[in-house]
Amino acid sequence: VTQPLENPFKRSRRIQMRKYAWEEVAAQRDMRALEVAHDVKNQYYSLLLLQKKHELLTRIEQAIQETHKLIQKRAELGEVKELEAIKLYVETLKAQKALTELRTESGLARDHLNKLLANMLPADFQVSGELAFQPIAADEESLLTLALSGHPLIVAKQLQLEQSRSNISYVKWQRLPDLALKGFRESGLDGINRGLGVAIDIPLWNFKGKELAEAESLSHKSEQELNALRLDLAQEIRSRLRRTRLAEETLAIFSAGLMDQAEQSLKIAEISYREGEISLLEFLDSQRTYISILRDYVDALYSWNAEKAALERAVGEDIQ
């Protein structure tokens with residue numbers, strides 16, 4: 001009977017390597033969860049954007065239809081040319097076409113989101129919520145500190161480095177040969193012989209030069225990759241934070257009174273057109289300007305939320 005006796009120092013390094021490998025897999029799982037969460041957020045924000053645009057177009061279509069009915073009556077009474085009623089009817093058709101396109105796009109976006117969630121939602125599900133906006137209070141240094149210490153990519157690469165360092169110690173301890181404890185029982189002419197023995201591998205000493213060089217090279221490579229990853233991640237966080245700040249500045253312009261001014265301008269144009277003070281062309285231009293401003297505002301809200309989601313992915317966790 002032979003029982004190998006592994007060097008306890010070598011055994012501890014081997015176990016440590018396995019522990020680091022398992023923790024690295026867990027960090028990679030966390031990174032995958034982070035990526036899926038980012039994709040889900042983006043798709044959710046896309047659906048909210050489409051819903052907002054749908055609400056906007058519905059309001060515009062209803063307003064055009066009401067104006068169209070008014071123009072039709074005035075055209076029947078001879079107060080305006082029938083051509084104006086036709087122009088408004090064309091505008092109504094354009095709004096209906098845009099609504100149809102939005103419904104199709106929303107359906108595709110819902111399918112994509114459901115696919116990300118493993119088709120766990122019903123086919124006709126709807127999302128609720130708002131494209132919220134709250135300026136990020138965290139500064140660049142705090143975000144960098146948070147990311148470079150706890151981001152799943154950093155954690156995985158650090159564990160990979162520790163695993164390679166443990167491998168160096170493991171190879172070094174392999175220089176000492178392992179022992180083997182043997183027990184024997186033999187029958188001979190002089191009776192039965194029993195005993196214990198210790199065996200040792202020959203050659204007695206192996207410096208493991210090639211294996212050690214490979215382990216050190218792998219450790220150096222892992223260290224360089226970790227440093228490069230830190231630099232890349234820091235650059236991405238800085239870039240994402242600047243883009244988020246730019247989106248915040250854009251929203252600040254809308255919040256400073258642009259939206260109120262656009263709405264007031266449209267109301268004045270509607271009254272002026274009903275009173276005959278401006279032409280239909282001028283009224284439609286005012287309406288298109290108002291629609292364009294609203295769309296730009298909704299797009300800016302979406303951009304900020306999308307940039308914030310990308311920044312959270314770069315940092316490695318949600319940002320309040």
Side-chain angles (χ1 to χ4, degrees), residues 30-60 102 105-106 109-110 112-114 116-117 121 125-155 232-266 289-320:
D30 293 341
M31 183 60 209
R32 179 54 184 161
L34 189 64
E35 291 174 344
V36 171
H38 171 260
D39 292 340
V40 170
K41 286 178 182 178
N42 268 344
Q43 207 59 40
Y44 170 70
Y45 295 145
S46 296
L47 277 171
L48 289 181
L49 173 64
L50 291 172
Q51 287 184 180
K52 286 296 181 183
K53 288 186 175 181
H54 187 274
E55 293 172 5
L56 172 61
L57 280 175
T58 301
R59 286 168 49 196
I60 296 301
L102 275 177
E105 193 173 352
S106 296
R110 281 196 298 271
H112 191 188
L113 178 58
N114 206 1
L116 287 173
L117 299 174
L121 301 176
F125 78 94
Q126 298 291 329
V127 298
S128 61
E130 296 290 335
L131 287 170
F133 167 62
Q134 180 66 39
I136 296 175
D139 59 12
E140 182 179 294
E141 288 304 318
S142 62
L143 293 178
L144 287 174
T145 302
L146 186 63
L148 296 180
S149 61
H151 195 283
L153 281 177
I154 296 293
V155 173
D232 291 343
L233 194 59
Q235 180 61 33
E236 183 179 1
I237 290 173
R238 292 189 182 98
S239 176
R240 292 294 181 185
L241 184 58
R242 291 191 189 101
R243 295 174 68 171
T244 305
R245 297 299 189 204
L246 180 60
E248 290 177 357
E249 293 174 3
T250 302
L251 286 170
I253 295 174
F254 286 100
S255 302
L258 180 58
M259 295 298 299
D260 293 336
Q261 292 175 6
E263 190 170 353
Q264 289 296 327
S265 178
L266 179 62
T289 300
Y290 174 69
I291 295 172
S292 177
I293 292 174
L294 279 182
R295 283 176 175 169
D296 290 344
Y297 175 63
V298 173
D299 287 338
L301 278 174
Y302 168 76
S303 296
W304 182 84
N305 281 275
E307 290 297 340
K308 181 173 179 283
L311 179 60
E312 289 173 338
R313 180 182 181 275
V315 172
E317 58 182 76
D318 292 344
I319 302 171
Q320 302 300 326

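It should be emphasised that the depicted structure is a prediction, and the values quoted were computed from it without experimental measurement. As a basis for the values below, the full set of heavy atoms in this structure was taken, side chains included, without hydrogen atoms, waters or symmetry mates.
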Closest heavy-atom pair, Leu34 versus Glu317, reported as atoms and distance to 0.1 Å, is CD1-N, 4.5 Å

Rounding to 0.5 Å, atoms CD (Gln134) and CD1 (Ile319) come to a distance of 13.5 Å

Closest heavy-atom pair, Arg313 versus His151, reported as atoms and distance to 0.1 Å, is O-NE2, 3.0 Å

The reported gap from CG in Asp318 to NZ in Lys308 (rounded to nearest 0.5 angstrom) is 6.5 Å

Here the gap from Ile237 atom CD1 to Leu241 atom CG, rounded to the nearest 0.5 Å, amounts to 9.0 Å

Discussion item. If you count heavy atoms of other groups shown closer than 6.0 angstrom to CZ of Phe254, is the number above 12?
Written reply: yes

Taken in chain and number order and not counting sequence neighbours, the residues that satisfy side chain to side chain donor-acceptor pair (under 3.5 Å) with Arg295 are none

dist Leu113:CG -> Ser106:OG (nearest 0.5 Å) comes out at 12.0 Å

**Study point:** Residues Arg240 and Glu312 bridged, charged N to O under 4.0 Å
**Key:** no

Smallest heavy-atom separation, Tyr45 atom then Ala309 atom, equals CE1-CB, 4.2 Å

Checklist entry - Could you walk me through whether Val155 and Asp30 pass the side-chain contact (heavy atoms from CB on, under 4.5 Å) check? => result CA-CA 10 Å; Val155 173; Asp30 293 341; over 6 Å; no

In this structure, CG of Leu251 is separated from CG of Leu246 (nearest 0.5 Å) by 10.0 Å

Fill in: Side-chain heavy atoms of Leu131 within contact of Phe133, under 4.5 Å
no

Residues at least two apart in sequence or cross-chain that pass side chain to side chain donor-acceptor pair (under 3.5 Å) with Ser46, listed by chain then number, are Tyr302

Can you list the steps and then say if Asn305 with Leu49 is a side-chain contact (heavy atoms from CB on, under 4.5 Å)? CA-CA 10 Å; Asn305 281 275; Leu49 173 64; over 6 Å; no

Q: List the steps and the verdict of side-chain contact (heavy atoms from CB on, under 4.5 Å) for Leu57 and Leu102.
A: CA-CA 9 Å; Leu57 280 175; Leu102 275 177; 3.2 Å; yes

Minimal heavy-atom distance between Tyr44 and Glu130, with the atoms involved, is OH-N, 4.4 Å

Yes or no on side-chain contact (heavy atoms from CB on, under 4.5 Å) for Leu144 and Arg238, after CA distance, side-chain angles and deciding distance?
CA-CA 8 Å; Leu144 287 174; Arg238 292 189 182 98; 3.6 Å; yes

Closest non-hydrogen atoms of Leu148 and Ile154, given as atom of the first, atom of the second and distance, are O-CG2, 3.5 Å

When you measure from the side chain of Gln51 to the backbone N and O of Gln126, does any donor-acceptor pair fall under 3.5 Å? no

Between the CG atom in Leu56 and the OH atom in Tyr297, the distance rounded to the nearest 0.5 Å is 12.5 Å

Between Glu249 and Arg245, is the closest basic N to carboxylate O distance under 4.0 Å?
no

When every non-hydrogen atom of Ala147 is compared with those of Ala314, the smallest separation belongs to CB-O, 4.0 Å

Return yes if some donor-acceptor pair links the side-chain N/O of Ser265 with the main-chain N/O of Gln261 below 3.5 Å, else return no. no

- Are any side-chain N or O atoms of Thr58 and backbone N or O atoms of His54, one a donor and one an acceptor, separated by less than 3.5 Å? yes

